[in-house]
Amino acid sequence: LSPDNKYFAQALVNRMWGHFFGAAFVNPIDDFNATNLPSHPEILALLAEDFRQNGYDLKRLVRIIVNTDVYQQASIFSRNNAEDHQHYSRALMRPMSPEQLFYSLMRVTDYEETMKKVAKKQEERMKKRMKEQGDEAMMGNGSFIDRVLERFTVVFENDEMGEAVDFTSTITQALYLMNGDMSNERIEGNRGTVAKILAKFESETRRIEEIFLMTLSRLPSKAELRLYSSYVRRLRGAQQAYEDVFWVQINSSEFFFNH
């Protein structure tokens, strides 16, 4: 690579910045031209020069970006920066990639472990369903999980380098999450994720807290705890009530986004 080629370093830095922040210096991500100037040319030039001077060390570039104060900001916004999508005064919420969302659902619903135990049965079921829907071409080679991921990606794929503020969920995506096997069958029943939580914890509060920790990696707020506790009591502590609480969390925008 010629040391005189400044465009490679700028393009790489721009792409990596967009990956971590949801908005690059130049958008669209590869559209460098005289009429599409970077939003922060000084920062782009500084990072690109450091990238060149250090032998195009990608790990170093990532380390620099994630150690900046701007990267470590919270996504909570105030009245003053609610509409700021350019100056990085707060972290922009970004939707997870299709693969990230798929494996997050796999982990939280214990779907992967279930697949290992009943892979043959599910394989035949999927083949039958695909034939009925005329999707034989989607079967291809690879594992059952690979094919499920392929179908999932078709539904949720978007331009990962598009700006975070441009993201809008589709009706198809919402219906898939609300009605799909991963967000329903793996939650319900005596062997579902919620049943395991109920067997492990006796306290209503502790059960709700565990659902939040599993799905959103945080404890519920006082208002959320009151709301869901009231709902659980209204259903007299039935497993269905906890399943509903779990289902709501994995269908929430908070679960869907990196923030």
Side-chain angles (χ1 to χ4, degrees), residues 20-23 69-85 87-97 100-111 156 163-171 173-190 192-259:
F20 283 106
F21 287 92
D69 290 340
V70 67
Y71 178 75
Q72 297 175 22
Q73 291 187 107
S75 58
I76 300 172
F77 56 86
S78 66
R79 210 181 327 174
N80 297 326
N81 66 353
E83 300 301 322
D84 177 22
H85 304 302
H87 300 294
Y88 306 104
S89 61
R90 63 182 175 87
L92 296 178
M93 293 191 295
R94 297 173 291 125
M96 288 190 283
S97 70
Q100 289 171 333
L101 180 60
F102 177 79
Y103 284 109
S104 294
L105 284 168
M106 288 264 285
R107 175 59 62 87
V108 77
T109 61
D110 204 22
Y111 191 76
F156 287 91
E163 290 192 67
V165 294
D166 293 335
F167 173 80
T168 54
S169 182
T170 67
I171 294 175
Q173 292 170 353
L175 290 174
Y176 192 102
L177 284 178
M178 288 190 292
N179 303 309
D181 290 350
M182 292 177 72
S183 53
N184 286 281
E185 292 184 10
R186 308 306 155 196
I187 298 174
E188 303 167 353
N190 295 330
T193 303
V194 172
K196 295 178 182 178
I197 294 174
L198 300 191
K200 186 176 180 180
F201 303 100
E202 295 184 1
S203 163
E204 170 192 292
T205 297
R206 192 65 189 88
R207 288 171 172 177
I208 295 173
E209 288 178 342
E210 184 66 14
I211 289 173
F212 268 76
L213 288 171
M214 286 187 67
T215 56
L216 305 181
S217 300
R218 66 171 178 84
L219 291 170
S221 66
K222 291 181 179 179
E224 289 169 330
L225 187 57
R226 283 196 302 270
L227 174 65
Y228 290 117
S229 293
S230 174
Y231 179 75
V232 168
R233 289 170 194 154
R234 196 157 64 244
L235 272 66
R236 300 181 179 179
Q239 179 173 321
Q240 176 66 51
Y242 292 101
E243 290 173 354
D244 290 345
V245 174
F246 195 102
W247 182 90
V248 167
Q249 307 319 312
I250 63 173
N251 280 279
S252 68
S253 58
E254 185 172 354
F255 182 82
F256 199 89
F257 278 73
N258 281 323
H259 52 81

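The figures that follow rest on heavy atoms only: side chains count, while hydrogens, waters and symmetry mates do not.
Of all non-hydrogen atoms in Thr109 and Leu105, the two that sit nearest each other are OG1-O, 2.5 Å. Phe246 and Val108 get closest at one heavy-atom pair: CZ-O, 3.6 Å. Across every non-hydrogen atom of Phe21 and Val70, the tightest pair is CZ-CG1, 3.7 Å.
Applying the side-chain hydrogen bond (donor to acceptor under 3.5 Å, both in side chains) criterion to Ser252, with sequence neighbours excluded, gives no partner residue. For Leu213, the side-chain contact (heavy atoms from CB on, under 4.5 Å) partners two or more places apart in sequence, or in a different chain, are Arg206, Glu210, Leu219. In this view, Tyr71 satisfies the side-chain hydrogen bond (donor to acceptor under 3.5 Å, both in side chains) rule with no residue, not counting sequence neighbours. Listed by chain and residue number, Ser221, Arg226 satisfy the side-chain contact (heavy atoms from CB on, under 4.5 Å) test with Ala223 (two or more places apart in sequence, or in another chain). By the ring-ring contact (aromatic ring centres under 6.0 Å, His included) test, Phe201 is found to be paired with no residue, residues two or more places apart in sequence or in another chain being considered. When the side-chain contact (heavy atoms from CB on, under 4.5 Å) test is applied to Ser217, no partner is found at least two apart in sequence or on another chain. Every residue meeting the salt bridge (Lys or Arg N to Asp or Glu O under 4.0 Å) condition with Arg218, not counting sequence neighbours, appears here in chain and number order: Glu224, Glu254. Partners of Arg234 according to the side-chain contact (heavy atoms from CB on, under 4.5 Å) rule, which considers only residues two or more places apart in sequence or in another chain, are Ser230, Tyr231.
In this structure, CZ on Phe257 lies 10.5 Å from CG on Leu101, to the nearest 0.5 angstrom. Note: Leu225 CG to Thr205 OG1 = 5.0 Å, rounded to the nearest 0.5 Å. Distance check: Ile197 CD1 to Glu209 CD gives 12.0 Å after rounding to the nearest 0.5 Å.
Counting only heavy atoms from C-beta outward, the side chains of Asn251 and Phe256 never approach each other to under 4.5 Å. Residues Tyr242 and Leu235 form no side-chain contact, since every pair of their non-hydrogen atoms from C-beta on lies 4.5 Å or further apart. Side-chain contact between Met214 and Thr193 is present, with heavy atoms from C-beta onward closer than 4.5 Å.
Judged by distance alone, with hydrogens and angles left aside, the side-chain atoms of Gln249 form a donor-acceptor pair with the main-chain N or O of Val245 at under 3.5 Å.
Contacts classified as ring pair (Phe, Tyr, Trp, His ring centres under 6.0 Å) and involving residues 207-230 (residues at least two apart or in different chains) are given here: Phe212-Tyr228.
Using a 3.5 Å distance cut-off with no hydrogens or angles, the side chains of Gln240 and Asp244 do pair a donor with an acceptor.
Counting non-hydrogen atoms of other residues, nucleotides and ligands closer than 6.0 Å to CD of Gln72 gives a total above 12.
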